[in-house]
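Below, chains carry the letters A, B, ... as their sequence lines are ordered, and counting in each starts from 1.
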Amino acid sequence: MESDPQIRPSGNVKFGDFQVNAAMALAKERGTNPRALAEEILKAADVAGIADKCEVAGPGFINVTLTRACTESCLTKLAASETFGVPAPMDPHAVVVDLCGVNVAKQMHVGHLRATIIGDSLARVFERLGRKVWRENHLGDWGLPIAMTLAKLMRERADFARLSLDDLNHAYRGAQKETSTADLDAAYENHCGPHRIAEFEIQYEPARAAMEDAKKTLVRLQSGDPEIVRLWERLIEVTMEQVYEAARTLNVKVGRENNRGESFFRDRLAGVIDAFAKSGLAKSDRGAMVVPFADRERPLLIQKSDGGFLYATTDLAAVRFRTFELDGSLVVYVVDARQRDHFKDVFDAARLIGWNKTADGAESTLVHLGFGAVLGSDKKPLKTRSGENFTLKDLLDEACERGTAEVTRRAGDPNAPTHGLPSDELAKIGAAVGIAAVKYADLSGDLTKDYVFDLDSMITFEGDTGPYLQYAHARIASILAKSGESPAAIAAASFALAEPAEKTLALHLLRYAQMTLDVGRTLETNRVGLYLRTLAELFNAFYQSCPVLKADDPATRLARLKLCAITRAILADGLSLYGIVAPDRM
RNA sequence: GCGCGCGUAGCUCAAUUGGAUAGAGCAUCGGUCUUCGGAACCGACGGUUGGGGGUUCGAAUCCCUCCGCGCGCGCCA
């Protein structure tokens with residue numbers, strides 16, 4: 001009989017350590033009495049040496065209390081494990097994470113914060129799970145908007161060697177504005193009189209000219225004109241400098257090697273149309289190529305009536321590349337939730353044509369992780385006081401400053417371990433603390449929901465925050481350092497889980513691997529935060545009731561130091577899943 | 001209009017994916033400590049999980065319906 005045993009940690013300590021919920025589900029299936037079935041299971045189970053107590057309770061729960069020896073032996077295995085108990089992966093294929101997604105000539109804003117740190121965190125989780133991971137930064141580095149910016153900069157004889165991101169941004173917005181013929185288009189749309197339209201035509205003559213210029217530039221870029229390509233590469237370089245800097249600040253593994261933008265796929269777009277046309281999945285509609293779906297009205301547009309390609313065309317080329325060439329059996333798109341419909345269409349089209357397969361034919365799972373918006377306290381998209389979009393740099397700078405201010409203030413206390421450290425050292429710790437606050441606040445919530453960005457409550461460093469976890473870690477590190485014992489001596493010691501607080505902490509430590517597997521399965525990064533917060537709370541409870549350095553006897557002291565060491569290691573590893581550094585003092 | 005998503009304590013969020021008495025953090029009030037680092041710990045207050053109906057041993061979670069909010073809807077990316 002194959003069935004999920006439904007073994008869960010007990011919801012309440014008075015019920016024991018674990019509860020088995022399988023009897024109730026099984027009884028429903030068979031139409032028998034759940035309590036009687038639970039009794040039967042209990043009779044058949046051999047729990048000698050594993051459980052002290054097993055009993056049926058409530059409608060058919062089986063409550064299990066583990067023996068001390070069993071818990072200790074599991075914990076000893078965990079302490080010796082290089083992967084913290086995480087088993088080798090079942091799936092040999094890669095995981096592809098689409099993250100960051102900046103656009104050339106545009107500033108990073110808070111939306112990119114989410115796309116970057118969520119993607120990086122998931123990548124770290126899959127790396128912990130032993131998977132090969134590709135972090136793919138799908139830059140918006142191709143197409144008319146870029147050509148418009150390039151054309152404008154060239155007309156203005158900009159010095160490309162000295163361009164700043166602000167210059168680019170200014171040119172980008174200027175180009176958008178000066179080529180806009182919105183009023184004229186509206187006049188045609190509304191069938192205005194010829195006189196009115198003629199007036200608009202004259203008025204919009206410069207816009208037409210600018211657009212013509214941009215299109216010519218685009219053709220030169222597309223045909224590989226060396227001069228234009230060189231300038232285009234410069235635009236990308238200037239844009240990406242901010243990304244690399246933000247990545248350093250955020251402790252995110254995103255660099256030049258992860259750049260694979262729209263331009264990378266430019267030679268594959270015609271092939272996408274061909275493939276869909278040949279397979280009969282795409283048809284012509286009003287001069288454009290579309291992929292219709294059986295279950296919905298609107299099709300997916302993959303080629304414009306003028307022959308041009310679209311967002312969806314590039315995405316389809318990217319899907320095929322990621323599954324077939326990068327060998328991804330899981331491809332996660334970390335892109336904001338508003339693009340849900342788009343990705344549903346793209347993924348369905350990819351499945352229709354069979355591109356959701358790795359080279360060896362394994363099925364690939366395509367997932368859009370649509371994250372929610374970052375809101376201000378007014379519940380509207382986050383803006384500065386003057387109404388501008390918050391740039392990511394401004395936000396990170398402020399987080400680091402406030403972290404540093406707090407760390408510096410506390411270092412003023414002569415008893416603080418940070419007392420007397422040089423200011424650059426304090427700034428380093430302060431930045432780690434400020435960034436931890438921002439990242440934890442983002443990653444520990446439900447990713448799909450909008451959230452209110454409130455730097456004040458994040459930087460309070462009290463309660464459910466990243467710095468709270470860092471602090472717990474620093475305190476443990478401090479105990480270990482003060483003990484005077486070598487890591488080898490601690491590693492050689494035996495666990496002795498005598499007190500209830502010790503056993504509860506141990507049981508939670510044993511769940512680390514399962515938590516990591518759960519995050520890999522559900523992509524819910526908040527599980528990491530929940531786990532670590534609980535771990536810190538259980539450690540604090542232990543710390544409160546069980547003296548370590550002043551333990552009654554040397555064996556207990558060493559056993560508790562060993563419990564501290566494994567807790568510290570798992571806390572640090574868990575924080576690393578968020579890309580949060582855990583300083584030894586703060 | 002059609003489609004998708006979301007409504008949980010005063011505020012910001014959880015709830016081990018259908019489990020036992022819905023939990024934390026802020027805020028408010030009270031307590032612990034001659035500290036293993038007080039960025040801590042313990043307690044109190046606070047709930048008809050938007051309303052109503054249904055499914056079953058059991059629902060914040062699944063289904064239906066209404067209300068409210070947000071987002072997206074063919075030649076931009």
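We find that A:K439 and A:D442 are not joined by a salt bridge, their nearest charged nitrogen and carboxylate oxygen being 4.0 Å or further apart.
The OG1 atom of A:T313 lies 7.5 Å from the CG atom of A:L301; values are rounded to the nearest 0.5 Å. The structure places OG1 of A:T534 at 4.5 Å from CG of A:L530, a figure rounded to the nearest 0.5 Å.
You'll find that the side chain of A:F15 is closest to B:A20, out of B:A20, B:G19, B:C75. Taking only side-chain atoms of A:V548, from C-beta outward, the nucleotide of B:C41, B:G19, B:C36 with the closest atom is B:C36. Checking B:C75, B:A39, B:A40 against every side-chain atom of A:R410, the shortest atom distance belongs to B:A39. Side-chain proximity of A:R338 to B:G72, B:C36, B:U56: nearest is B:G72. Listed candidates were B:A15, B:A39, B:C75. Nearest to the side chain of A:L301 is B:C75. With distances taken from any side-chain atom of A:D285 to the nucleotides B:G74, B:A39, B:A77, the minimum falls on B:G74. Among the nucleotides B:C75, B:U16, B:G18, the one closest to any side-chain atom of A:L310 is B:C75. In the set B:C36, B:C73, B:A20, B:C73 carries the atom at the smallest distance from any side-chain atom of A:R298. Nearest to the side chain of A:D450, among B:G70, B:A20, B:A24, sits B:G70. Distance from the side chain of A:V433 is smallest to B:A39 among B:A39, B:A14, B:G19.
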I'd like a table of atom pairs between the protein and nucleotides 3-6 of chain B - only N or O on both sides, under 3.5 Å - with the distance next to each one.
residue : atom : partner : partner atom : Å
B:G5    : O4'  : A:R340  : NH1          : 3.4

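Remark: the separation of the C1' atoms in B:G7 and B:C66 is 14 Å, to the nearest Å. Rounded to whole Å, the C1' atom of B:G43 lies 43 Å from the corresponding atom of B:U65. Distance check on atom P: B:U28 versus B:C62 gives 36 Å, rounded to whole Å. Annotation: B:U21 and B:C26 have their C1' atoms spaced 25 Å apart (nearest Å). The C1' atoms of B:G18 and B:A77 are separated by 42 Å, rounded to the nearest whole Å. Comparing the C1' positions of B:C13 and B:A9 gives a spacing of 11 Å, expressed to the nearest Å. Only the P atoms considered, B:U61 is 13 Å distant from B:C6, to the nearest whole Å.
Cation-pi contact between A:R268 and A:F321: absent, since separation from the ring centre below 6.0 Å together with deviation from the ring axis within 45° is not met.
Along RNA chain B, the nucleotide nearest to A:G143 and the one nearest to A:R8 differ in position, and the one closer to the 5' end is contacted by A:R8. When each of A:A474 and A:E462 is assigned the nucleotide of RNA chain B with its nearest heavy atom, A:A474 is the one assigned upstream, toward the 5' end.
Both thresholds, 5.5 Å between centres and 30° between ring planes, are not jointly met by A:Y468 relative to the base of B:A39, so the two rings are not stacked.
Phosphate proximity of B:A77 to A:N103: absent, as no side-chain N or O sits under 4.0 Å from OP1 or OP2. For B:A39, the OP1/OP2 oxygens have a side-chain nitrogen or oxygen of A:Y471 closer than 4.0 Å.
With a 3.5 Å ceiling on both atom-pair distances, B:A59 lacks any Watson-Crick or G-U wobble partner. Across the strands present, B:C41 finds its partner in B:G31; the criterion is a Watson-Crick or G-U wobble pair with both atom distances under 3.5 angstrom. Applying the Watson-Crick and G-U wobble criteria (two distances, each under 3.5 Å), B:G23 pairs with B:C13. Pairing partner, B:G46: none, since no Watson-Crick or wobble contact has both distances short of 3.5 Å.
Rounded to whole Å, atom C1' of B:A77 lies 6 Å from atom CD of A:E262. The CE atom of A:M24 sits 13 Å away from the P atom of B:A59 (whole-angstrom rounding). For the pair A:Y531 OH and B:A24 P, the interatomic distance rounds to 19 Å; values are reported in whole Å. Going from atom CZ of A:R475 over to atom P of B:C33 covers 17 Å, rounded to whole Å. Distance, A:E297 CD to B:G1 P: 17 Å, rounded to whole Å. A:L532 has its CG atom 16 Å from the P atom of B:A14, to the nearest Å.
A donor-acceptor pair shorter than 3.5 Å cannot be found between the side chains of A:N12 and A:S10.
For B:A15, the base has no donor-acceptor partner in the side chain of A:N526 [N/O atoms by modelled type, under 3.5 angstrom].
Residues A:H342 and A:H368 form no side-chain contact, since every pair of their non-hydrogen atoms from C-beta on lies 4.5 Å or further apart. No side-chain heavy atom of A:V64 sits less than 4.5 Å from a side-chain heavy atom of A:Q19.
Residue contacts for A:A416: at a heavy-atom cut-off of 4.0 Å it reaches no nucleic acid atom on any strand shown. Contact annotation for A:R585: base contact, defined as any heavy-atom pair under 4.0 Å involving a base atom.
Here the two rings, on A:H138 and A:F265, have centers that are under 6.0 Å apart.
By the 30° and 60° cut-offs, the orientation of the rings of A:Y333 relative to A:F343 is tilted.
Of the listed residues (A:R208, A:R173, A:K152), just one forms a salt bridge (charged side-chain N to carboxylate O under 4.0 Å, His left out) with A:E178, and that residue is A:K152.
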